[in-house]
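First comes the structure, then the notes that go with it.
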Protein chains: 2
Amino acid sequence: MIDGLDGRVIELFTAEPRIGVLEASRRLGVARGTVQARLDRLARQGVIRGYGPEIDPAALGYGVTAFVTLQIRQAGGHDPVVARLARVPEVIELHTITGGGDMLCRIVARNNQDLQRVIDVIVDVQGVERASSVISLATQIPHRTLPLVRAAAGDGD
Amino acid sequence: MIDGLDGRVIELFTAEPRIGVLEASRRLGVARGTVQARLDRLARQGVIRGYGPEIDPAALGYGVTAFVTLQIRQAGGHDPVVARLARVPEVIELHTITGGGDMLCRIVARNNQDLQRVIDVIVDVQGVERASSVISLATQIPHRTLPLVRAAAGDGD
DNA sequence: CAGATCGCTGGACACCTTGTACAGTCAGAC
DNA sequence: GTCTGACTGTACAAGGTGTCCAGCGATCTG
C-alpha cells in the first residue's frame, strides 16, 4: 500500500507541515517531482485525507472531554438519533458500536457543570433511552497515526 | 476567545486547506494582512494546533476501529502501562478515565482477526488486568470541530 | 535479447504567493 | 481631544508552485 519513501514523506509533513514540497524534497534527498507525485498518489488513494487546520477544543474553552455510551430505543432505528445528535455542536464524534443497538459518542464541554448540561441535551434527544458517561481525566496518548504509518511502510505493505 | 471572523477563517481553511492566505482574504473580503494576523493569533493561542496531513487508517489497511476499556493493576500506577501501550502502533489514542483506575483506548486493526491479535497484545501488557472492547461498526459522525468553532464564534466568546 | 513501461532525476519556465513593512483610516477607551 | 489597536491597501524582494520535458536505470514481456 505505501512504501518507505511514502512513510518518510508523511512523517516529514506531519512533523513540519509548512515546509512545502521543495524543501521536503531537499530534506528527503529526492527530486521535487517525486515528492509531488507521492503526495498526489497518497491523496488519490485516500491515505492523506486533507490538510485542514487541527482545532484544539480546549483552547476554545472546551476543556472537558467525555465518552458517552448510548442506549437507543429500537423503534425508529439509529438514523433519526444520529441526525439529532449531529445538531449538537459538543458531539465531536459518534460511532455505532457492537452490543444491543448502542452508540458511543465523544463529547466536550466547558467544565464539569457544562458537561452536565451537554449530557442532559443528549439524553433528551428522542430515541435515546439511557446514557452512561466516562470523563477523560487526561489524554495519555493524543490521537496519532504516525506509528501506524511506520508500521504500514515497514512491512512490504 | 474567538470572534466571527476567526470562525469564518477556520471554516474556510477547513473546507479548502490549500487556498492560501491571499485567496482566503479575497473570499472573506478582508485584507491579506488581517487573515495572516488572525491565523498567527489562532496558532499562538493554540486554537489551531497545526496543519499536519490527516491520515486515514482505513486507507492504510486498518479498517477496524475499536474502543477498549482497560482495568489497570493498582500497584505501579499508570505511567508504565502508558509507556508500554505507546509502543503499540495500533493504539491510536489513550485516555485516563473516571472510575477505579481505568483507561480507555482507541485501537485499529486490519480486520476482526487482526483485532484479536491487537487486543491480545494489549492484554499482555504488564499492568493491564482486564480489557473489554467494543467494536465500531460505523462512524456516524467523524471527528469534527467545526460546529464547536461556530458555537464559540457565535457567542461573544 | 530487444522493446516497452515505469518511476525517479534534474533542469527549465512563467506565474503567483509569501513575508514583511509602512502609511492611512476608523472605532472605542481614557 | 488623543491614544491605542485593528484593519486596509500598497509595495517589494525572495522563493515556491505547477507544469513540462529529456534522460536514465530497473523491471517486465514476448
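Naming: A, B, ... by sequence-line order, numbering from 1 per chain.
Across all strands, B/R26 comes closer than 4.0 Å only to sugar-phosphate atoms, never to a base (heavy-atom distances). Within 4.0 Å of A/R18, counting heavy atoms only, lies no atom of the nucleic acid at all. Contacts of A/R38 with the nucleic acid, taken as non-hydrogen atoms under 4.0 Å apart, involve only primed sugar atoms and P, OP1 or OP2.
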Subject >> Verdict with supporting geometry, B/E93 and A/R144, salt bridge (charged side-chain N to carboxylate O under 4.0 Å, His left out) >> reply: CA-CA 7 Å; B/E93 212 176 328; A/R144 64 173 191 181; over 6 Å; no

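Put simply, CZ on B/R41 is 10 Å from C1' on D/dA6, counting in whole angstrom units. The distance between atom CG of B/D6 and atom C1' of D/dA6, rounded to the nearest whole Å, is 12 Å. If you measure from atom CG of B/L42 to atom C1' of D/dA6, you get 15 Å, rounded to the nearest angstrom. At whole-Å resolution of the value, CG in A/L5 and P in C/dC6 are 19 Å apart. One interatomic measurement links the two molecules: CG of A/D40 to P of C/dG7, which rounds to 13 Å at whole-angstrom precision.
Distances were taken from every side-chain heavy atom of A/Q36 (C-beta onward) to each of D/dT17, D/dT8, C/dT20; the shortest belongs to D/dT17. Distances were taken from every side-chain heavy atom of B/T34 (C-beta onward) to each of C/dT9, D/dC7, C/dG7; the shortest belongs to D/dC7. Comparing C/dT17, D/dT8, D/dT17 against the side chain of B/L22 picks out C/dT17 as the nearest.
For A/D56 against B/R49, the heavy-atom pair with the smallest separation is OD1-NH2, 3.1 Å.
Under the ring-ring contact (aromatic ring centres under 6.0 Å, His included) criterion, B/H95 pairs with A/F67, sequence neighbours left out.
Using a 4.0 Å cut-off between a side-chain N of Lys or Arg and a carboxylate O of Asp or Glu, B/E23 and B/R26 qualify as a salt bridge.
Counting atom types as modelled, A/R32 pairs no side-chain N or O with a base atom of C/dG11 as donor and acceptor under 3.5 Å.
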